[in-house]
K.L.:
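Here you go, one structure.
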There are 2 protein chains.
Amino acid sequence: MATIKDVAARAGVAVGTASRVLSGSPQTSADSRSRVLAAARELGYIAHGPARSLRRARTDVLGLLVSDIRSPFFSELAHAAEQEARARGYTLLLANANEDAEQADAVLDAFASQRIDGLLLSPQGPRTPRLEALLAAKLPIVLLNRAIEGVDAPLYGTDNAGGVAQALAWLQRRGHRDVAFIGGPEGFSTGAERHDAYLAGREAHGISTDDALIDAGDFLADGAAEAMLRVLDRGVRPTAVFGANNQTTLGAMRAMRERLGAEAASRIEVVSFDDVEWFAFTSPPVSAVRNDAPAIGRAGVRGLLDLIDGGTAASQRIATSFVDRSEGGRA
Amino acid sequence: MATIKDVAARAGVAVGTASRVLSGSPQTSADSRSRVLAAARELGYIAHGPARSLRRARTDVLGLLVSDIRSPFFSELAHAAEQEARARGYTLLLANANEDAEQADAVLDAFASQRIDGLLLSPQGPRTPRLEALLAAKLPIVLLNRAIEGVDAPLYGTDNAGGVAQALAWLQRRGHRDVAFIGGPEGFSTGAERHDAYLAGREAHGISTDDALIDAGDFLADGAAEAMLRVLDRGVRPTAVFGANNQTTLGAMRAMRERLGAEAASRIEVVSFDDVEWFAFTSPPVSAVRNDAPAIGRAGVRGLLDLIDGGTAASQRIATSFVDRSEGGRA
DNA sequence: AACGCTCATGGAAACGATTCCATGACGGAA
DNA sequence: TTCCGTCATGGAATCGTTTCCATGAGCGTT
């Protein structure tokens, strides 16, 4: 592999000059510029990133730590974040924590060792020692989707209250009064925000305030199915169900089918937080509040780069959109 | 941030000694070992990756270039590959090419600049100049899922022929004679292999060899829908449809619903290459050949590490499994 | 004609680690 | 007791860049 020394030798200049040309310093003559660039092209020179990082004390690498890249939300977010980062001259290093604090810490160690310039973090749970260390080292950090208590970093996430309001408006338009709500764990800010917004808004949208209609799972299909069974076993018969995320909706639908039969279940309208493309193909089709994951990813990267450049960045709630798949609906 | 010099100073030894301790060289006394480790712990020392890479001439970083991380196949593959890499002490750098050769080249440049130790490549199309350069530089490379003409690198991918055989066996068990097959582009080895295997095997499984039942799309929903419409407009009335990947199946189902109505469409059994979880919730449910994306990712990483360690690696076809979601089926 | 300024350049230091080499301590064998 | 070998250690070179500093050329001004 050619080094800058080879380039300089071939161009007949000193390495300092070659470096200045290649990094676009204005302190260069047209003559050396052309000769250095020609030499670099001829040798297929590609700068040695680690060496550059060593000297410059920055790596132009951002780290993105998510709980599980396999979830559509995160894969869309990661995709958009990578595009944005690359467009700004940064490389995005992606890692999974697998909902496991130990693994998250291992990743943070690896990030620290790579000397990333900034971190986009979708927090699992509370703060860990590694995270403390990074905070103490003043590494620029932004949070995605969930807050962490006592961590003062800008947060980029879904506008949960706004999304719930969209779902409530739709339920009202569809004339539902008896609506089952299956929430998520209160421990997640996401779960709590959606739950609170629903409770706060239901009455104004003509929805029954009977708490027998409400239960919560763990944001996973199995837990949600159990919650839905509990609701049904209380004897209430909702005409619509609102699932607080996509897995929750999945579990709720399974439970309804199990308890009421496929035919009866398909007459209960379903609305979900988190849209997935296959909601169009279920029976009944599921209307949904759509997270703008790409916008969150892009906003996160932009905020992080502002921080890195020494500026400030403000938290941002990204608006959701609503996909109406009901019989009379638009889609 | 603490450097190894700080650690050495605090431990009262020379940097060389500190380095030997920290990198586990046997040439160290118990005394200096304990003092260096204590000093490192007290200072929260984390080695500077770029500096280490510079001197060692390796980075312990692998690059993974996929066309689109948002596809479930790649996100599962990437997830497994990252786990495997991390378990072996490597970091995985993930990038998207977005089906765009220019972007792929930009990524390869970035990888080259980072001096990755090896590349896992899911090829888009033909070879590009950057790829040539990397091959010429003897960078260890493995291919995922698709071959590239004239590139001699081990290939880790789905056993397409085996998967088609599983689908054919299922079609036979279900007693289907008139089966529509919607294939993918011949340009992709994936598409060609599945198509060929189907043509070769259908007769032996009691399936009509009427080519009016066969058409091909572009592996995307819209193209597949058009292909399915062409089939139906030829007047044939299949009792089952076989889609060559998940998007293809999606498009075919849409086309059937459009042409025949929801009710008639739901009586046509569907089998797909590429399983997705929501195939359980469509009407009719879709039985599917399941790619073992995680196994492919793991095998790819293992093969690549073998190459990096100077050994050899052999191409591997990863077996598929079959998910039977038909009425009488197991699932 | 002399002076001063700008500016491109060469050379060298620096970044933080690893690794080579020489040295000295120590222990065992004769 | 002397000698040799082993082995931990300190110090220095090295990896490929960037950046600082000093130098000298060239040019315009007085």
K.L.:
Quick test of your reading of the model: are B/E76 and A/R70 salt-bridged, counting only N-O distances below 4.0 Å?
P.N.:
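Between A/R70 and B/E76 there is no salt bridge, as every charged N stays at least 4.0 Å from the carboxylate O atoms.
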
K.L.:
Could you state the atom-to-atom distance from OH of B/Y45 to C1' of C/dT18 in whole Å?
P.N.:
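It works out to 10 Å between those atoms.
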
K.L.:
State whether B/R302 and B/D306 are salt-bridged, where the test is any N-O pair (Lys NZ or Arg NE/NH1/NH2 against Asp/Glu carboxylate O) under 4.0 Å.
P.N.:
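Judged by the 4.0 Å cut-off on N to carboxylate O distance, B/R302 and B/D306 do not form a salt bridge.
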
K.L.:
Ignoring hydrogens and geometry beyond distance, is the side chain of A/R55 in donor-acceptor contact with the base of D/dT17 at under 3.5 Å?
P.N.:
no

K.L.:
Just to confirm, is there a sub-4.0 Å distance from OP1 or OP2 of C/dG16 to any side-chain nitrogen or oxygen of B/T3?
P.N.:
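Checking B/T3 against C/dG16: no side-chain N or O falls below 4.0 Å of OP1 or OP2.
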
K.L.:
For D/dG10, does either OP1 or OP2 sit under 4.0 Å from a side-chain N or O belonging to B/T17?
P.N.:
yes

K.L.:
Taking the minimum atom-to-atom distance to the side chain of A/V15, which one of C/dT9, D/dT18, D/dG10 wins?
P.N.:
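Between C/dT9, D/dT18, D/dG10, the one nearest the side chain of A/V15 would be D/dT18.
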
K.L.:
Where each residue is assigned the nucleotide of DNA chain C containing its nearest heavy atom, which of B/A2 and A/A14 is assigned the position nearer the 5′ end?
P.N.:
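It is A/A14, whose closest nucleotide lies nearer the 5' terminus.
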
K.L.:
Please give, in whole Å, the distance from C/dT18 P to B/L22 CG?
P.N.:
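Computing the B/L22:CG to C/dT18:P distance gives 7 Å.
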
K.L.:
Starting at CZ of A/R56 and ending at C1' of D/dG16, how long is that distance when rounded to a whole Å?
P.N.:
13 Å

K.L.:
How many Å lie between CZ on A/R58 and C1' on D/dT18, as a whole number?
P.N.:
12 Å

K.L.:
Can you tell me how far apart CG (B/N145) and CG (B/L121) are? Round to the nearest 0.5 Å.
P.N.:
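Answer rounded to 0.5 Å: 11.5 Å.
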
K.L.:
Would you please confirm or rule out a distance under 4.0 Å between OP1 or OP2 of C/dC7 and any side-chain N or O of A/Q27?
P.N.:
no

K.L.:
Quick check for you: among D/dT18, C/dG10, D/dT9, whose closest atom lies nearest to any side-chain atom of B/S32?
P.N.:
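So the nucleotide nearest the side chain must be D/dT9.
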
K.L.:
Distance check needed: D/dG16 C1' versus A/M1 CE, whole Å only.
P.N.:
12 Å

K.L.:
Applying a 4.0 Å non-hydrogen cut-off, can you work out what B/S25 is touching in the nucleic acid: base, sugar-phosphate, or nothing?
P.N.:
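The answer is nothing, as B/S25 stays clear of every strand by at least 4.0 Å.
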
K.L.:
If you measure from the Lys or Arg side-chain nitrogens to the Asp or Glu carboxylate oxygens, is any gap between B/D60 and B/R58 under 4.0 Å?
P.N.:
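Result for this pair is yes, salt bridge flagged.
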
K.L.:
When we call it a touch if two heavy atoms are under 4.0 Å apart, what does A/A57 touch: a base, just sugar-phosphate, or nothing?
P.N.:
nothing

K.L.:
Just how far, in rounded Å, is C1' of D/dG10 from CD1 of B/I4?
P.N.:
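One finds 14 Å between C1' of D/dG10 and CD1 of B/I4, rounded.
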
K.L.:
Check salt bridge (charged side-chain N to carboxylate O under 4.0 Å, His left out) between B/E99 and all other residues, then give those that pass, not counting sequence neighbours.
P.N.:
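With neighbours one apart ignored, the set is empty.
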
K.L.:
Under 4.0 Å: is that the gap between some side-chain N or O of A/T28 and OP1 or OP2 of C/dA8?
P.N.:
no

K.L.:
Strictly below 4.0 Å: does B/S29 bring a side-chain N or O up to OP1 or OP2 of D/dA8?
P.N.:
no

K.L.:
Find the distance A/D31:CG to D/dG26:P and express it as a whole number of Å.
P.N.:
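Going from CG in A/D31 over to P in D/dG26 covers 13 Å.
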
K.L.:
If you take atom types as modelled and just measure distance, does the side chain of B/R115 reach the base of D/dG16 with a donor-acceptor pair under 3.5 Å?
P.N.:
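No.
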
K.L.:
Heavy-atom nearest nucleotide on DNA chain D for B/L54 versus A/G16: which residue maps closer to 5'?
P.N.:
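Mapping each residue to its closest nucleotide by heavy atoms, the 5'-most match is B/L54.
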
K.L.:
When the distance from CD1 of B/I46 to P of C/dA17 is rounded to whole Å, what number comes out?
P.N.:
11 Å

K.L.:
Less than 4.0 Å between a side-chain N and a carboxylate O, is that true for B/R10 and B/D6?
P.N.:
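No salt bridge links B/D6 with B/R10.
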
